[in-house]
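These figures come from a predicted structure and were not determined experimentally.
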Amino acid sequence: NREGVSGEAVIVEDTSDIGAYVSGIEKVLAPGRRTVLIRPPDADLVPRLWCLLGQYGRLENPPTDSTCAGSLFLTDNLNLGGAARSLVNLLCRLPRSLKPWLGVLNETNHQAFLDELENAGIPVFSLRSAESYLDRVERILGMRRRLGAQTLVFWNVDARVKLLLAKLLPAGGVRLIDVSPGPWLFEDLNNHARMHRRIALDYASYFNRLDHFVAKYAGGAPPGLAFAPGKVVIIPNGVPKLGSAALGSGSVELPAQVDRNLVIGTCCRILPSKRFEYFVDMMAEMNRRLSGVTMVVVGAANRRYAPYFKSIMERARSVGVSNIHFVGQQADVVPYLRAFRVFVMLGTDHGCPNASLEAMSLGLPVVTPRNGGTVEQVEEGINGFLVSESNPSEMAHRVRTLLTNPGMLRCFGQASSRIAQEKFSMELMVERYVTLLTGSRSDSTQRTTTTQTIAPSGAQTETAGEWPCIN
């Protein structure tokens, strides 16, 4: 009964205890008025859950050849962004023998990703016509059964969908793998406390049901939980070899007065978590330290964040910063990266950011605060600098140091390209996912007292030394 009633309800444990009924009635009536709950859109969640458990909640006989059973990847959308970019990169390079499929839950606004998948022969199924998340879950279950997929891979998926699938599909049957885009995944799951209660599956139970959790960096495991060895796997994003950028060689159009030897930039969506107010303050400090520097921002704000973008423009005007150029969303960021001399980045929810990896692959130094996987991409004093996320002046100082020292700029850029290929190559990422998808499941019921993460074979570790180009 607790699953289907409000949190204010009184549950009588002993049905023969008349006094408990009387006490409960008094407690409910005590406030003097009764709260009438608004019927939620998913009011039929619990009865539908019971029906789906009857249909899909039993173990099925797995295929005799588990390596050919197939994997159904699920994602909310294929919109332009790092999560979709890394997913498309992987799917287009997975061996066809693994039978990868992709289900997209909502609409997609970036046709180029769909074109890449079609050219690679990846079947893509759309669930955008489903009226609710409950309908999507039911379609996913039916689709998985028809395809015979024995693995579901969550890649940036609605938390409600993941929770229901984890509740419905019993352990020991279909493998469940959740690939974490970054720390916000944990917050997203925790924000659905009411649903946890309604379906009797809490935060810890969800992760316990997973066969594997993929973290994009060493510190990306679910906090406060313990797992069986091998359950948490670290697989950073991979980046294709984009070649070395001749400094300032980008063919993009910039205002005539821009000094192409003093162009810095970033590539990201414009939203509060990217903290563009920090960039404005950094450029204000930069203008005091070195004149002629231009910052280019490749990315746009959707309607939801239009007020935030307006506030950033107002802040820039108030501090006299007019040398930040917003060029909007671009399908191909490489020409802009080639125009940069230094790549800067900021954010509060980084996993293993693709934008900085692409910049590194092109031979650009990176200056960014310590956040998420950036500490594994940037080796302090080797290919960039890790700065304070609360002190824009420090970023301005580091960027100025690079722009005014050509030898340092060149050596840092060479190190970025080397690190990208040695630690974050596309081949290494694909190899690790192939190992994961074809390997045995972890024991989801076994618990240990400490969280353990396993880096797949081929992972390399290096320690940052002194910068090799300057005495």
Against L127, only a single residue in I140, V137, V104 fulfils side chain to side chain contact (heavy atoms under 4.5 Å, CB included); can you say which?
I140
State whether a side-chain donor-acceptor pair under 3.5 Å links [X] with [Y].
X	Y	value
R139	S129	yes
N106	R136	yes
N208	S205	no
N354	E358	no

Please confirm whether the ring centroid of F227 lies under 6.0 Å from the ring centroid of F213.
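Judged by ring-centre distance (under 6.0 Å), F227 and F213 do not meet the cut-off.
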Would you say the ring centers of F412 and F385 fall short of 6.0 Å from each other?
yes
Just wondering, do F125 and L102 contact through their side chains at under 4.5 Å, heavy atoms?
no
With the side chain counted from C-beta on, respond yes when L114 and Q111 share a heavy-atom pair under 4.5 Å apart, and no when they do not.
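They are in side-chain contact.
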If you measure from CD on E116 to NE2 on H110, what distance do you get to the nearest 0.5 Å?
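Here the interatomic distance stands at 7.0 Å.
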According to the interplanar angle, ranging from 0 to 90°, do the rings of Y203 and F186 count as parallel (below 30°), tilted (30 to 60°) or perpendicular (above 60°)?
perpendicular
Please name all residues satisfying side-chain contact (heavy atoms from CB on, under 4.5 Å) with N109, sequence neighbours left out, ordered by chain then number.
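Residues passing side-chain contact (heavy atoms from CB on, under 4.5 Å) with N109: N79.
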